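One structure below.
Labels below follow one simple rule: chain letters A, B, ... track the order of the sequence lines, proteins then strands, and each chain is numbered from 1. Everything numeric in this text was worked out from a predicted model, so none of it was measured. Note: hydrogens, waters and symmetry copies are ignored here, and every other heavy atom, side chains too, is used.
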2 protein chains.
Amino acid sequence: MEDQLSDRGKRILEAVIEDYIQTAEPVGSRTITRSHALALSPATVRNVMSDLEEMGLLTSPHTSAGRIPTDKAYRLYVNSILEARQNLTAGKRDEIRRRCRMAGKDPAEVLKEASRLLSSTSSYMGVVIAPRMAANLFHQMEFVKLSSHRILAILVSQNGTVQNRLLEIDEEIAQEDLVRMANYLNGMLQGLTIGQVRERLLAELQSEKVQYDSLMKKAIALSEQTIRTDSAEIFLEGQANILDQPEFADAAKMREIFRAFEKKSTLLDLLDRSMQAEGVQIFIGTESPLLKMEGMSLVTSTYLTGKDTVGVLGVIGPTRMGYGRVIPIVDYTAKLISRMLEGE
Amino acid sequence: MEDQLSDRGKRILEAVIEDYIQTAEPVGSRTITRSHALALSPATVRNVMSDLEEMGLLTSPHTSAGRIPTDKAYRLYVNSILEARQNLTAGKRDEIRRRCRMAGKDPAEVLKEASRLLSSTSSYMGVVIAPRMAANLFHQMEFVKLSSHRILAILVSQNGTVQNRLLEIDEEIAQEDLVRMANYLNGMLQGLTIGQVRERLLAELQSEKVQYDSLMKKAIALSEQTIRTDSAEIFLEGQANILDQPEFADAAKMREIFRAFEKKSTLLDLLDRSMQAEGVQIFIGTESPLLKMEGMSLVTSTYLTGKDTVGVLGVIGPTRMGYGRVIPIVDYTAKLISRMLEGE
DNA sequence: GATTAGCACTCAAAAACTCAGAGTGCTAAC
DNA sequence: GTTAGCACTCTGAGTTTTTGAGTGCTAATC
């Protein structure tokens, strides 16, 4: 009928969504009049709900059940929340802060704790993706000789992230040479990001002057090996939490979900795209076509650990998720993590 | 009746167990005579089964269902398997070897891949515990200055394991001093295990001569901080696999299990005790009182990565597990991992 | 004209019931 | 010692019944 949502319609839709979020049961006209103190009779509500259904905002699983919000309705609802963002209670805030502090200073530790924290405060799944190594600032490289044919290469970036790799070599290299190699490289690579370092090394490997100096050639080849892989680290915590959600009570659904999250790559793809935009983003149900995440939603935010090093963290839960509660949690956590890791 | 298990009894018990492992259904006298070509009538089998029940080796969920082996029966069965150990097929063996090679050289990578491998070849859960750092041989220590008040300490052990830790300091230390400190420590700690290193550092910290040299005091304090934590790394893979097991089809059970494995510490406690004995060990159902692992069994083996560095790996699955298949897998994997990580 | 009371109708989920079949234990025959 | 036969038991699958929450429509009401 009327394509525009009336104020009353909006209020009732909200009521349906909130009830449904709480109970996970289709909600009927009766329930709404009782719990939400609208001065309306069930019959009126029914009429409005019928309109809402017409507009594609509600569906009913069957004739004689209550109604359920569609993804479209959630989208509307979430947008209105995003506008009128409420703040976290001081208590929650403190708890988050406290637990972040606890984690210590090591970036990996902090991120892991953040993921745990997201999971436990939201009671859904917490997920954190570490920034790509490539964007980190190079700080130093070391070669440690373990035995005649094994070298451990250690790559340290400015923010304290460490990447190490065991290399096999054909020809023994003296420890002094290793030190010299490292010094040479450290001089050359100062101030670059890891990504740039990689390019530089590849370029250098081609260049003529290096061809003549076999030690330097080796050095560059070794460091190139070290730096080659850039597997994004991903922390997924609280998987068991979603087992408590009634919509996944049946075994088949559960299995599907767990299988999906076992391959971290799918998750990575999904979160990678929210790295573009800044701030809180929300993907509802099938809005993210990557995963056939029937009935799952994703609340993410980007965080920064340096000028250009951006990571993503967030909460994965059922579409029927307490957005009003989760959004500020994600938002605040992202900001806190940024502050913790960036400021130093 | 007769407390001694007759040969026939043993054969029938085995038949019950094997059928049950396959089908997860209580097995009746009929089924056994059909599938296992014992020249016996169902009635006879029934009599024998009745005896077995008397002995506490079988139970029936109710009067008119078939019978199910008890933990005691599994124990018997497993022991007989352990005696007459069969070998892996060449195919499986090759597959395991191939995948281990793939993982590269980094110890952590190898162990993670081993866990994945255990899970996928057994189709249960794979678990690997890295040897305690304490037993590793100290190789070298480095301090990298990140900013005026932040130092990255890197601890390398002989086998290529790296442990690093971000330290905050009150007073700036020059990079040269850091190098000197590292040199001093590396000289002092050569040849010790990480565990001994820790003791030595604590002792040194007390000793008088150190009190006078503030730099050395700092060095020791810093390295002591680095080495303090020894959190055992644990790789648990293929959790989704157990979702396929019919005995965990119902949601409540699943939840319980996932919750239990979420805290890695329980798992750690459990596996720690199998570190004592050497070789393959099997814990059936409630034999391991630590976890109230109703219906779960554990097949483990120790592996070595050095003279005294012993880790544990294994498979966790339902009590109704294909022991005959799993045991050689665990055994072979443990030996292979030992060979890969020890030999160098 | 919007709202609401009233009522017939619908449908899923729960409860109650039926029944076939797998399995047992016992007894008597081989 | 083994087996055929039989009465008995119990679960699980399938059906039917019942219940109750909820709807949509119509007519009365504000």
How many whole angstroms separate atom [atom1] of [X] from atom [atom2] of [N]?
X       : N      : atom1 : atom2 : result
A/Arg30 : D/dG24 : CZ    : C1'   : 16 Å
B/Met49 : C/dG23 : CE    : C1'   : 9 Å
B/Tyr20 : C/dG23 : OH    : P     : 14 Å
B/Glu53 : C/dG23 : CD    : P     : 15 Å
A/Asp51 : D/dT23 : CG    : P     : 14 Å
B/Asp19 : C/dA22 : CG    : P     : 16 Å
B/Ile32 : D/dT3  : CD1   : P     : 14 Å
A/Ile12 : C/dA2  : CD1   : C1'   : 13 Å

Using 30° and 60° as the class limits, which term best fits the ring planes of B/Phe258 and A/Phe258: parallel, tilted or perpendicular? tilted

Listed nucleotide nearest any side-chain atom of [X], set [options]:
X       : options               : value
A/Ser64 : D/dG24, D/dG20, D/dT3 : D/dG20
A/Arg46 : D/dT3, D/dG24, C/dT10 : D/dG24
A/His62 : C/dT4, C/dA12, C/dT24 : C/dA12
B/Arg8  : C/dC26, C/dA5, D/dT2  : D/dT2
A/Ser41 : D/dT3, C/dT4, C/dG23  : C/dT4
A/Asn47 : D/dT3, C/dT4, D/dT23  : C/dT4

Which sits closer to the 5' end of DNA chain D, B/Thr44 or B/Pro61, going by the nucleotide each is nearest to? B/Thr44

Taking only Lys NZ, Arg NE, NH1 and NH2, and the carboxylate oxygens of Asp or Glu, determine whether A/Asp244 and B/Arg259 approach each other closer than 4.0 Å. yes

Just by distance, do the side chain of A/Thr70 and the backbone of A/Gly56 share a donor-acceptor pair under 3.5 Å? yes

Pair A/Leu57, A/Val16 - check side-chain contact (heavy atoms from CB on, under 4.5 Å), show working. CA-CA 10 Å; A/Leu57 294 168; A/Val16 173; over 6 Å; no

Could you check whether B/Ser60 gets within reach of a base, just the sugar-phosphate, or nothing at all, counting any heavy atom under 4.0 Å? nothing

Looking at [X], I'd like to know whether one of its side-chain N or O atoms comes within less than 4.0 Å of OP1 or OP2 on [N].
X       : N      : result
B/Thr63 : C/dT24 : no
B/Arg67 : C/dT24 : yes
A/Ser29 : D/dT23 : yes

Is the number of heavy atoms from other residues, nucleotides or ligands under 6.0 Å of A/Lys264 NZ greater than 12? yes

